[in-house]
Number of protein chains: 2
Amino acid sequence: MKSTINAKDVAKLAGVSQSSVSRVYFEGAKVSEKTRRKVLAAAEELGYRPNEFARSLITNRTKIIGLVMKGVQNPFYPQVLTQFTAAFKKYGYSVLFVHTNNDEIETEDVETLLNYNVAGVVITDATMSLNVAESFRAHHIPLVFFNRKLSSSDFYSVCCNNLNAGRAIAEYLLMQGSANMAYISGNENTSTSLEREKGFSEVLALHNLEYKKHASDYTYGGGYATALDIIEAGELPSAFFVANDIMALGVLDALQKKGVAVPEQVKVIGFDNIEMASWPGYELTTWEQPIEKMVKETVKYLLSEMAGYTGSAQSVEVEGTLIKRKTT
Amino acid sequence: MKSTINAKDVAKLAGVSQSSVSRVYFEGAKVSEKTRRKVLAAAEELGYRPNEFARSLITNRTKIIGLVMKGVQNPFYPQVLTQFTAAFKKYGYSVLFVHTNNDEIETEDVETLLNYNVAGVVITDATMSLNVAESFRAHHIPLVFFNRKLSSSDFYSVCCNNLNAGRAIAEYLLMQGSANMAYISGNENTSTSLEREKGFSEVLALHNLEYKKHASDYTYGGGYATALDIIEAGELPSAFFVANDIMALGVLDALQKKGVAVPEQVKVIGFDNIEMASWPGYELTTWEQPIEKMVKETVKYLLSEMAGYTGSAQSVEVEGTLIKRKTT
DNA sequence: CTGAAAGCGCTTACAG
DNA sequence: CTGAAAGCGCTTACAG
């Protein structure tokens, strides 16, 4: 009992060679219209579907993209996941989803990606040790760090222009009349948190202003607890720049709980423009990350590298936009 | 230039046959400790990794699970995704993520799953036409509907016991003194929305109580708009049973906007117990879905079917728990 | 326990 | 444009 239909079966029914069947399903191969029709008819009748594994075994390539994600709890990332899945699907690629618990991707997950010989890898909110990244390079597997930059400039990354964003936010808050500001950071050493702060502090320095930095962790609970600490310590600034939206929501809830009026007593500005930022209960002013453009840039690079590997590196930065709502 | 190391290379270095190399990496095959050591040493030196595609081509099975998801915007599902990924990883399985836009899974996505000959499929919040489901059965690919039930009892499904949950919620609200209740449904024809309502209405009927049903769509915006309509129509009940949490948050925001006091004027109860339900700004009373148990049940079934296909069907229902907070 | 050999279902030079 | 044949890197009876 043979359960799967193969090219040979189709060939027999269509009255052509197995090679011809193969050619019909292989993009770029030449077949006459006549054989193509015969093959497709036979295939339809038998319910034939080319075996991806045999194909991958020979071509040594797959239509699978590895997508590595950590903070699935931050609503920003499900959005990213959806958009990537849709974008890759358009080109016939499927997504192997890898969830990592660490800031740095685990070797077990790297093994998985290499085992499945993925055509490309997107790492959305984690980093990777340089020698692991090199091993992808050795296999000619293109790699993009999405929303993260490595210290090494040897790898491709796609981010929002966090530096400019930080600057624009500082300028905006200055214009609004704030002088005594505070920055609530995300996880330490993430390039996003660092660069947002850098742009922010740069502009404040130009105006000879200092600001207070509070370390947090990119989660709602972190934002909430950090804000509570600040209020209880009596260190309330006139404006908070919070490194992402989900923390900013925590900050808003803490302020509300303590009866601090926003924006009258304190202004709050977030980062990402997640859907919840626009909810009537929050109406958070924030910086919109252009996810769609970022995804497009990532896919474009991956596609070109998959067509012909160069290993070229670049740090692409897409400009975002300030979204003014009711917390400033 | 040969880029990949294969079993033959390892065999040569280790001084054994290629079959022996294969046996070292094939679970259940017998090899002496001596050859195993020689092979592993050689493999280590060369950086050998068995080719998954060659393996799949022969065994006709993979270590890939197809996970189909629709409502990634509902925070319930990223949680589900994370837990499945972690659970499958424990057994060496990876997740092929498929995002569908339709309530019913698209044929294109089905093709993908069949092409990659996935070892099993989990469909989390979508349905599938019966003949498509049958085609998985024909390929002996086990299938679980997670959080959805098909009308046909021929397929395995794992849900929270929605009927009991609906009943318990009605009883709880009755005990709280509500008599004039309303149900805000999720997308029509989803088994979850239907069963939650069924249990709810059953209990109310026992008390000769009627309730008003408002159709909505399982989204925040839907909950918000529906509640606004109800308020503006002057049809405010004394308690809302909202079919999921994300809608319930929309309902709460609408009530707040209109100055309706919760729970004094209206009680609100949701479903899922997503993380946000516990946020200080909401403190939503809700029904906790035991995701962990549900995932465990799903994985258990899939694992056993992958070990030996039976095609057995069952509708597993796991009991949830009422989580009392401040909206009731 | 081990090796030689067949074969999984394809792609791809090579002739014609 | 088409067919016969080699080969991708494995698993798996079959002997020994």
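Letters A, B, ... mirror the listed sequences (proteins, then strands); counts begin at 1. All figures in this text were calculated on a predicted structure; none of them were measured in a lab.
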Within the pair A:R55 and C:dT11, is there a side-chain N or O less than 4.0 Å away from OP1 or OP2? yes
OH of B:Y116 versus C1' of C:dC10: gap in Å, rounded? 15 Å
Do B:S19 and B:S22 get their side chains close enough for a donor-acceptor pair, meaning under 3.5 Å? no
Show every donor-acceptor pair shorter than 3.5 Å between a side-chain atom in residues 299-308 of chain B and any protein atom, with sequence neighbours excluded, or say none if there are none.
unit_1 : atom_1 : unit_2 : atom_2 : d
B:Y301 : OH     : B:S312 : O      : 2.7
B:S304 : OG     : B:Y301 : O      : 3.0
B:E305 : OE1    : B:T310 : N      : 3.1
B:E305 : OE1    : B:T310 : OG1    : 3.4
B:E305 : OE1    : B:G311 : N      : 2.8
B:E305 : OE2    : B:T310 : OG1    : 2.5

Please report the distance, rounded to the nearest Å, between CG in A:N51 and C1' in C:dG7. 14 Å
Under 4.0 angstrom between B:T35 side-chain N/O and C:dC1 OP1 or OP2: no
Review item, side-chain donor-acceptor pairs of residues 48-56 of chain B, under 3.5 Å, at least two apart:
unit_1 : atom_1 : unit_2 : atom_2 : d
B:R49  : NE     : A:N115 : OD1    : 3.3
B:R49  : NH2    : A:E111 : OE2    : 3.4
B:N51  : OD1    : B:F53  : N      : 2.7
B:N51  : OD1    : B:A54  : N      : 3.0
B:R55  : NH2    : B:Y25  : O      : 2.9
B:S56  : OG     : B:E52  : O      : 2.9
B:S56  : OG     : B:R61  : O      : 3.2

Is there a residue in residues 38-49 of chain B whose heavy atoms reach under 4.0 Å of DNA chain D, and which residues are they? B:Y48, B:R49
A:D9 CG to C:dC8 C1': how many Å, rounded? 13 Å
Nearest-angstrom distance from the residue atom CZ of A:F53 to P of C:dC10: 12 Å
Go through the structure and list residues passing side-chain contact (heavy atoms from CB on, under 4.5 Å) with A:K293, not counting sequence neighbours. A:P290, A:V318
When the distance from NZ of B:K63 to C1' of D:dC10 is rounded to whole Å, what number comes out? 16 Å
Nearest-nucleotide comparison on DNA chain C, the residue closer to the 5′ end among B:A54 and B:S17: B:S17
Of all the choices, C:dT11, C:dC1, D:dT2, which nucleotide is nearest to the side chain of A:S20 once you look at every atom? D:dT2
What is the nucleic acid contact for A:S56, judged by heavy atoms within less than 4.0 Å: base, sugar-phosphate only, or nothing? nothing
What contact category does B:V21 fall into here, base, sugar-phosphate, or nothing, at under 4.0 angstrom with non-hydrogen atoms? nothing
Could you state the CG-P distance from A:L57 to D:dC10, rounded to the nearest angstrom? 8 Å
How are the rings of A:Y309 and A:H140 set to each other: parallel, tilted or perpendicular (split at 30° and 60°)? parallel
Starting at the 5' end of DNA chain D, write a dot or bracket for each base, bracketing those in Watson-Crick or G-U wobble pairs whose two distances are under 3.5 Å and using | for partners on another strand. |||.||||||||.|||
Under the salt bridge (Lys or Arg N to Asp or Glu O under 4.0 Å) rule, collect the residues that match up with B:K89, sequence neighbours excluded. A:E106, A:D109
Close N or O pairs between protein and nucleotides 12-16 of chain D (under 3.5 Å):
unit_1 : atom_1 : unit_2 : atom_2 : d
D:dA13 : N6     : B:R23  : NH2    : 3.1

Return the set of residues passing ring pair (Phe, Tyr, Trp, His ring centres under 6.0 Å) with B:F76 (not counting sequence neighbours), or none when no residue passes. none
Presence of B:N6 side-chain N/O under 4.0 Å of D:dG9 phosphate oxygens OP1/OP2: yes
Pairs flagged by salt bridge (charged side-chain N to carboxylate O under 4.0 Å, His left out) wherever residues 62-78 of chain A is involved - sequence neighbours left out: A:K70-A:D103
Decide salt bridge (charged side-chain N to carboxylate O under 4.0 Å, His left out) for B:K38 and B:E33; before the verdict, give the C-alpha distance in whole Å, the side-chain angles of both, and the deciding distance to 0.1 Å. CA-CA 9 Å; B:K38 284 195 290 187; B:E33 256 321 299; over 6 Å; no
Partners passing side-chain contact (heavy atoms from CB on, under 4.5 Å) against B:F26 (at least two apart in sequence or in another chain): B:A29
Scan for salt bridge (charged side-chain N to carboxylate O under 4.0 Å, His left out) pairs involving residues 16-31 of chain B, sequence neighbours excluded, and state none if there are none. none
Residues pairing under salt bridge (charged side-chain N to carboxylate O under 4.0 Å, His left out) where one sits in residues 128-141 of chain A, two or more places apart or in two chains, turn out to be A:E134-A:R137
Atom-to-atom span, NZ of A:K8 to P of C:dC8 - whole angstrom: 7 Å
A:N60 CG to C:dC10 C1', in whole Å, measures 14 Å
